[in-house]
Enquirer: 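Sharing a structure with you now.
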Amino acid sequence: MEERRKKLTILDLYAMKERGEKISWITAYDYPTAQFAEAAGMEMLLVGDSLGMCVYGYASTVPVTMDQCIVHCDAVRRGAPNTFVMGDMPFMSYQASDQEAVRSAGRFLKEAGVDAVKLEGGIRVIGRIKAILDAGIVVCGHIGLTPQSSGQLGGHKAQGRTVGSARLLIEDALAIEEAGAQLLLLEAVPPEVAGFITNRLSIPVLSIGAGPDCDGQLLIVSDAIGQFQAFTPKFVKKYANVAEVVTNALAEYVKEVKSGSFPADEHCYHMLKGEDEKFKDLIKEYA
Ligand code: KIV
């Protein structure tokens, strides 16, 4: 465990790219997980709209609202005061207009104190990215597999696996950097393409399922600790099996409640010294 002395900023992330030090990034949706991640030495936290599936049990990220994101960002910010925390702009918080995008991004900063916001899309959202940057907010682009528009992609499919598709990704990445975004996330992209983009761009380029050559790696915490059960993407590595640990613990609790072995004497608050004799008298009144 590492104790971090100062709060990380975008400049620290640039410096890490500069010296070739990989950036560690994971999602978090609540206060305890944020605390654990900061204690583990994580540089970045994403309060992803994946909270729709991981916390609320929705089938996709589409139903997630700004209000839900703000509540979870606020909790994560408190749990990880020195980590670079990013809010993920949910579906329909930025698609309709530049103004709405700026208002939504601003809420993340004003109401939850995040360090940056992320929005999905390349050239088609360049106007939104510029508008949010003009409001003085740090922006992370997100291209490749973009879950909010997975319907247009024909499902949750890796992107950039043909030369034509790789070219589109490269053009998107260049446009995002040119617009002034400070970070870029590549999701489900071949390592060959991700490595090229990482070397070509001067901003930190992070990977979720985009191979080892990016400047850092992101995982969804519920996948990484074995909490989310519905499906596991190819790029996930499980570092723990929390579902098994928690289910076993709860099954043990059920067993002990039924057998009466919980609670034991050490879990009880006994009456104060001298009160038990008086209590016997009290009971007699109700006999
Ligand atoms: O919501 C999220 O966690 C994300 C990742 C899938 C990149 O956007």
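The figures here come from the full heavy-atom set of this structure, side chains too, leaving out hydrogens, waters and symmetry mates. Note that ligands are numbered from 1 as they come in the structure, with each ligand's atoms numbered from 1 the same way. Residue numbers count from 1 along this sequence.
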Enquirer: For the residue pair Y56 and H72, is the inter-centroid distance of their aromatic rings smaller than 6.0 Å?
Expert: yes
Enquirer: State plainly whether the residues R103 and E100 are in salt-bridge range, i.e. N to O under 4.0 Å.
Expert: no
Enquirer: Would you mind checking if R167 and D172 are paired as a salt bridge, meaning a charged N to carboxylate O distance below 4.0 Å?
Expert: no
Enquirer: Just jot down the ligand 1 atoms closer than 4.0 angstrom to any heavy atom of D88, in number order.
Expert: 1 (O), 2 (C), 4 (C), 8 (O)
Enquirer: Could a heavy atom of H142 be found less than 4.0 Å from some atom of ligand 1?
Expert: yes
Enquirer: When you check the gap from the basic side-chain N to the acidic O, do K130 and D98 get nearer than 4.0 Å?
Expert: no
Enquirer: Is any side-chain N of the basic residue among K7 and D115 closer than 4.0 Å to the acidic one's carboxylate O?
Expert: yes
Enquirer: For atom 8 (O) of ligand 1, grab the closest protein heavy atom and report residue, atom and distance to one decimal in Å.
Expert: K118 NZ, 2.9 Å
Enquirer: Go through ligand 1 atom by atom and flag the ones less than 4.0 Å from a non-hydrogen atom of L218.
Expert: 7 (C)
Enquirer: Looking only at protein heavy atoms, which one is nearest to atom 2 (C) of ligand 1, and what is the separation?
Expert: S50 OG, 3.3 Å
Enquirer: I'd like to check which ligand 1 atoms, numbered from 1 as shown, lie under 4.0 Å from a non-hydrogen atom of G48.
Expert: 1 (O), 2 (C), 3 (O)
Enquirer: Record the part of L185 in heavy-atom contact with ligand 1 below 4.0 Å; permitted values are side chain, backbone, both and neither.
Expert: side chain
Enquirer: Counting only heavy atoms not in E21, do more than 12 fall under 6.0 Å of its CD?
Expert: yes
Enquirer: Report, in ascending order of atom number, the atoms of ligand 1 lying under 4.0 Å from any heavy atom of L46.
Expert: 2 (C), 3 (O), 4 (C)
Enquirer: What part of T61, side chain from CB on, backbone N/CA/C/O, both or neither, has a heavy atom under 4.0 Å from ligand 1?
Expert: neither
Enquirer: Return the residue, atom name and 0.1 Å-rounded distance of the protein heavy atom closest to atom 6 (C) of ligand 1.
Expert: E187 OE1, 3.5 Å
Enquirer: Between T27 and Y29, is any side-chain donor less than 3.5 angstrom from a side-chain acceptor?
Expert: yes
Enquirer: For ligand 1, note which part of D49 has a heavy atom under 4.0 Å away: side chain, backbone, both or neither.
Expert: both
Enquirer: Does an N or O from T27, backbone or side chain, lie closer than 3.5 Å to an N or O of ligand 1?
Expert: no
Enquirer: Between the side chains of D281 and K284, is the shortest nitrogen-to-carboxylate-oxygen separation below 4.0 Å, so that they form an ion pair?
Expert: yes
